[in-house]
Amino acid sequence: MQEDRRSKPTNFIEEIVEEDLRTSKYEGRVHTRFPPEPNGYLHIGHAKAICIDFGIALKYNGLCNLRFDDTNPTREEQQYIDSIKEDIRWLGFDWKDREYYASDYYGQLYDWAIDLIKKGKAYVDDLSAEQIREYRGTLTAPGRDSPFRSRTIEENLELFTRMRKGEFPDGSKVLRAKIDMSAGNMNMRDPVMYRILRATHHRTGDEWCIYPTYDWAHGQSDSIEGITHSLCSLEFEDHRPLYDWFLDNLGVHHPQQIEFSRLNLSYTITSTRKLRKLVEEGFVKGWDDPRMPTLAGMRRRGYPPESIRNFCEGIGVAKAESVIEIAKLEHFVRDYMNRNAPRVMGVLRPLKVVIDNYPEGKTEELDAVNNPEDESMGTRKVPFSRVLYIEQDDFREEPPPKYYRLAPGREVRLRYAYFVKCVDVKKNKDGKAVELRCTYDPKTRGGDSPDGRKVKATLHWVSAPDAIDAGVRLYDRLFTRGAPDEVDGEGKDFRANVNPRSLEVLSGCKLEPSLSTARVGSRYQFERLGYFCVDPESTERSLVFNRTVSLRDTWAKIEKAQRG
RNA sequence: UGGGGCGUCGUCUAGUGGCAGGACACAGGAUUUUGGAUCCUGGCGCGGAGGUUCGACUCCUCCCGCCCCAGCCA
């Protein structure tokens, strides 16, 4: 009955879920989970998974758990747990009180391991890691049975119990599932379930010296939590037979694993391991560096969570491997910001302008629209005076073709203010323009000429005596190649493709005074320049802005084409 | 030469035997007090070959290409 009102499935996973709902496969329940390993910060790839896991639950009136897949104490840390929770909440999802840990289930997992041993389906193996590898065979050649494969149930029970008690050194024994050493699927060649590892776990401390592997922990955790649909990425596809094997041989609740293709973004890396390298080797300043594709970095950069969600919805869910163009992400950011970010004027690279015929000491308060896309955002006053700043790039002594902005003898509009005409240029020794002298037309107040005279350009500006100083950080893509893992030379890796000009730090930028109350995290459109966000490094005395993304820039394209 | 997947505009993605649609990108135009936004227009695609069918992106066969798997990582 409810189904009728539901929108059509938008991807193959929703189709499966709806089919399961129709056939009451899980008594009409939908219960998913997001299972991050707390070994790094969440990135845009995780965002896709989060949107799918939580999104499916939301759409079908189900639940989505947060479960930390913490089975490897050597690389997991509490700080990552904290950041992951913060980032999921920021993205806009809520797991309520369903915060779980695979380590919560160590006891149950141990009991189930005993169960499998008793069923003759698991055994303790004394082979070394290297020997196990040799015995496993290759992709094309079958493996061989370990000499310890035929131990009696009693012996296995005793050995495994002693493993748990800490009677054997690290790495000396493992517990393996007894499946099929000749299976075409390598995962079925007697996979390891437990390894001996004396490491302090961030939650269980030193309680355990044996730790379950992913394969042994994951499906069983899903089962314990009553998960119905266990969604994961493609590389786990050939783990599914093992996932099924454990659950079937245990005879417990059996969720369905469904795999989808993970997100790849051009000019971006989405590998926790590689991102950690960028952090640890100082290519960026931290996990939350605004150039990082981490949620923390994107948040600091100014990406609205809504835009990331819209992006994830916009790219779809499928099994084909793909690389999404970064332009698509930027589109969703601009789309959201255009509708929501208040407009403001700021000059990044100031060029002084003196209005010769404007009275000295006079200041006017001009009306400016806060957002032309949303009248309800109202208007504000912007001060105008005789001395102003405009953008250096908005003046050319010798304007190229199609350049509409200011040049000697040219008239342009100052947004919300007056038409001004350039009458003189003062230059320094190097011939660089350092000050413009202009005249204004008092009859054009507000920006319209009563005689119907047109100008081709409208410039943003800031009143010099009223301006506040700020620092601005401009970001470019972190990598110079669309596919950062593609490298020319031998022995090189993605690090060779890091863009040395990914960060440009500007100081002495001039902003309109209304920004003096801007709070950390606030997002604005600097008219004609782009969207900017107040960085946490801002202080009361000095604001720092991050450019989230530039505006679409038609002139830049024309100019680029002109240069050839 | 083992097992598991995947191939639809430049990039994503819809399609479930009946005119191949959408988004982004790109190109052109209209409009504009942001060279923004908006609107219009345009080009561009079913990996290949056979077969079944009145009709095939869809079903069958073969071929080609790409990805994943030989951690006591997840």
Side-chain angles (χ1 to χ4, degrees), chain A residues 10-11 15 35-37 39 69-72 74-76 125 127-129 132-134 136-143 170-176 182-189 191-197 210-211 213-215 217-218 232-241 259 261 266 272-273 314-332 334-335 338-339 343 345 368-369 372-373 402-405 413-417 419 444 446-448 454-460 482 525-530 550-559:
Chain A
T10 62
N11 60 57
E15 272 173 25
E37 182 189 11
N39 68 338
D69 231 328
D70 56 350
T71 55
N72 186 349
T74 61
R75 3 192 270 177
E76 294 153 8
D125 195 349
L127 254 28
S128 69
I132 286 182
R133 193 182 327 123
E134 283 164 19
R136 187 154 31 222
T138 68
L139 293 179
T140 50
D170 284 12
S172 60
K173 286 180 169 38
V174 292
L175 184 72
R176 292 228 253 172
S182 65
N185 183 342
M186 302 292 281
N187 294 303
M188 301 301 269
R189 321 242 264 227
V192 171
M193 296 166 63
Y194 276 100
R195 68 273 207 186
I196 302 174
L197 186 60
I210 57 171
Y211 288 95
T213 56
Y214 163 85
D215 285 305
H218 194 85
C232 62
S233 45
L234 250 30
E235 66 267 30
F236 294 102
E237 212 149 16
D238 46 16
H239 288 246
R240 184 164 15 103
E259 311 84 12
S261 65
S266 65
T272 305
R273 204 193 90 242
I315 58 175
V317 181
K319 294 194 72 159
E321 283 183 75
S322 58
V323 181
I324 313 278
E325 290 175 346
I326 191 84
K328 190 129 183 169
L329 212 209
E330 292 177 344
H331 161 77
F332 282 99
R334 291 192 183 105
D335 177 62
N338 178 49
R339 286 177 283 116
R343 315 284 128 121
M345 289 198 287
V369 173
E373 306 294 319
K402 299 269 185 67
Y403 185 87
Y404 302 150
R405 285 112 95 148
R413 172 170 39 234
L414 296 181
R415 177 139 235 221
Y416 300 126
F419 285 13
T444 57
D448 281 310
K454 298 287 182 201
V455 289
K456 295 201 84 169
T458 301
L459 310 187
H460 62 277
Q525 183 196 100
F526 288 8
E527 292 217 28
R528 302 209 305 135
L529 296 175
S550 66
L551 251 25
R552 283 185 62 217
D553 191 346
T554 310
W555 166 245
K557 270 182 201 167
I558 295 169
E559 202 178 24

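Every value quoted in this text rests on a predicted model; they were computed, and no experiment measured them.
With a cut-off of 3.5 Å on both pairing distances, B/G55 has no Watson-Crick or G-U wobble partner at all. Remark: B/A20 base-pairs with no nucleotide in the shown strands. Criterion, Watson-Crick or G-U wobble with two distances under 3.5 Å. Of all nucleotides present, none satisfies the Watson-Crick or G-U wobble test against B/U32 with each distance under 3.5 Å. If you check B/A49 for Watson-Crick or wobble pairing at under 3.5 angstrom, you find it paired to B/U61. Using the Watson-Crick or G-U wobble rule with both distances under 3.5 Å, B/C66 pairs with B/G5. For B/C72, there is no paired base (Watson-Crick or G-U wobble, both distances below 3.5 Å). With both pairing distances under 3.5 Å, B/A37 is matched to nothing as a Watson-Crick or G-U wobble pair.
The side chain of A/Leu551 lies closest to B/U34, out of B/U34, B/A37, B/G35. When each of B/A27, B/A74, B/C24 is scored by its nearest atom to the side-chain atoms of A/Lys557, the top-ranked nucleotide is B/A27. Considering only the side chain of A/Arg343, B/G36 comes nearest among B/G36, B/A25, B/G2. Each of B/C72, B/A37, B/G15 was ranked by its minimum atom distance to the side chain of A/Glu15; first place goes to B/G15. When the nucleotides B/G2, B/G4, B/G35 are ranked by their closest atom to the side chain of A/Thr458, B/G35 comes out on top. The listed nucleotides are B/G2, B/G35, B/A25; the one nearest the side chain of A/Thr140 is B/G2. Here the nucleotide nearest the side chain of A/His239, chosen from B/G4, B/G35, B/A74, is B/A74.
Rounded to an integer number of Å, the gap from CH2 of A/Trp555 to P of B/G36 is 13 Å. Rounded to whole angstrom, the span from the OH atom of A/Tyr211 across to the C1' atom of B/C73 amounts to 15 Å. Rounded to a whole Å, the NZ atom of A/Lys319 is 18 Å from the P atom of B/C12. Per the geometry, CD1 belonging to A/Ile315 stands 15 Å off C1' belonging to B/A14, to the nearest Å. Going from atom OH of A/Tyr404 over to atom P of B/U34 covers 13 Å, rounded to whole Å. Summarising the geometry, the separation between CG on A/Asn187 and C1' on B/G3 is reported as 10 Å, rounded to the nearest angstrom. Counting to the nearest Å, the P atom of B/C72 and the CZ atom of A/Arg189 are 13 Å from each other. Atom CG in A/Asp553 sits about 14 Å away from atom C1' in B/A37, given to the nearest Å.
Judged by distance alone with a 3.5 Å cut-off, no donor-acceptor contact links the side chain of A/Glu237 to the base of B/G3. One cannot find a donor-acceptor pair under 3.5 Å joining the base of B/U38 and the side-chain atoms of A/Glu373. Interface remark: the A/Arg405 side chain does form a donor-acceptor pair with the B/G35 base, using a distance-only criterion of under 3.5 Å. Side-chain atoms of A/Asn185 stay outside donor-acceptor range of the base of B/G4, with no qualifying N/O pair under 3.5 Å. Donor-acceptor pairing under 3.5 Å, judged by distance alone, is absent between the side chain of A/Lys328 and the base of B/A25. In this model, a side-chain donor or acceptor of A/Glu325 finds a partner on the base of B/G10 within 3.5 Å.
Using a 4.0 Å heavy-atom distance criterion, A/Ile558 is classed as a base contact. Within the 4.0 angstrom heavy-atom criterion, no nucleotide atom of any strand lies near A/Arg240. Within 4.0 Å (heavy atoms only), A/Asn39 reaches no atom of the nucleic acid at all. Nucleic acid contact class of A/Leu139 (heavy atoms, under 4.0 Å, all strands): base. Within the 4.0 angstrom heavy-atom criterion, base atoms lie near A/Ile132. Among the atoms of the strands shown, base atoms are found under 4.0 Å from some heavy atom of A/Gly171. Residue A/Phe236 is classed as a base contact, given a heavy-atom separation below 4.0 Å to a base. Residue contacts shown for A/Ala318 are limited to sugar-phosphate atoms, with no base heavy atom under 4.0 Å away. Within the nucleic acid shown, A/Tyr416 comes within 4.0 Å of at least one base atom, counting heavy atoms only. Within 4.0 Å of A/Val317, counting heavy atoms only, lie sugar-phosphate atoms of the nucleic acid but no base atom. Counting non-hydrogen atoms under 4.0 angstrom, A/Ser128 reaches a base of the nucleic acid. Among the atoms of the strands shown, only primed sugar atoms or phosphate atoms (P, OP1, OP2) are found under 4.0 Å from some heavy atom of A/Val323. Nucleic acid contact for A/Tyr403: base, since at least one base atom lies under 4.0 Å from a heavy atom of the residue. Here A/Arg552 lies in heavy-atom contact (under 4.0 Å) with sugar-phosphate atoms only.
Both A/Phe526 and A/Leu329 sit near RNA chain B, but only A/Leu329 has its closest nucleotide nearer the 5' end. Residue A/Gln525 is the one, among A/Asp335 and A/Gln525, whose nearest nucleotide of RNA chain B lies closer to the 5' end (criterion: closest heavy atom).
A salt bridge is defined here as a Lys NZ or Arg NE, NH1 or NH2 lying under 4.0 Å from an Asp or Glu carboxylate O, and A/Asp553 with A/Lys557 fails to meet this definition.
Glycosidic conformation, B/G65: anti, with the torsion outside 90° of 0.
Listed pair A/Arg413 / B/G35 fails the phosphate criterion, with no side-chain N or O lying under 4.0 Å from OP1 or OP2. Applying the 4.0 Å criterion to OP1 and OP2 of B/U34, one finds that A/His460 has every side-chain N and O outside that range.
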Stepwise side chain to side chain donor-acceptor pair (under 3.5 Å) check, A/Arg413 with A/Thr458:
CA-CA 5 Å; A/Arg413 172 170 39 234; A/Thr458 301; 3.1 Å; yes

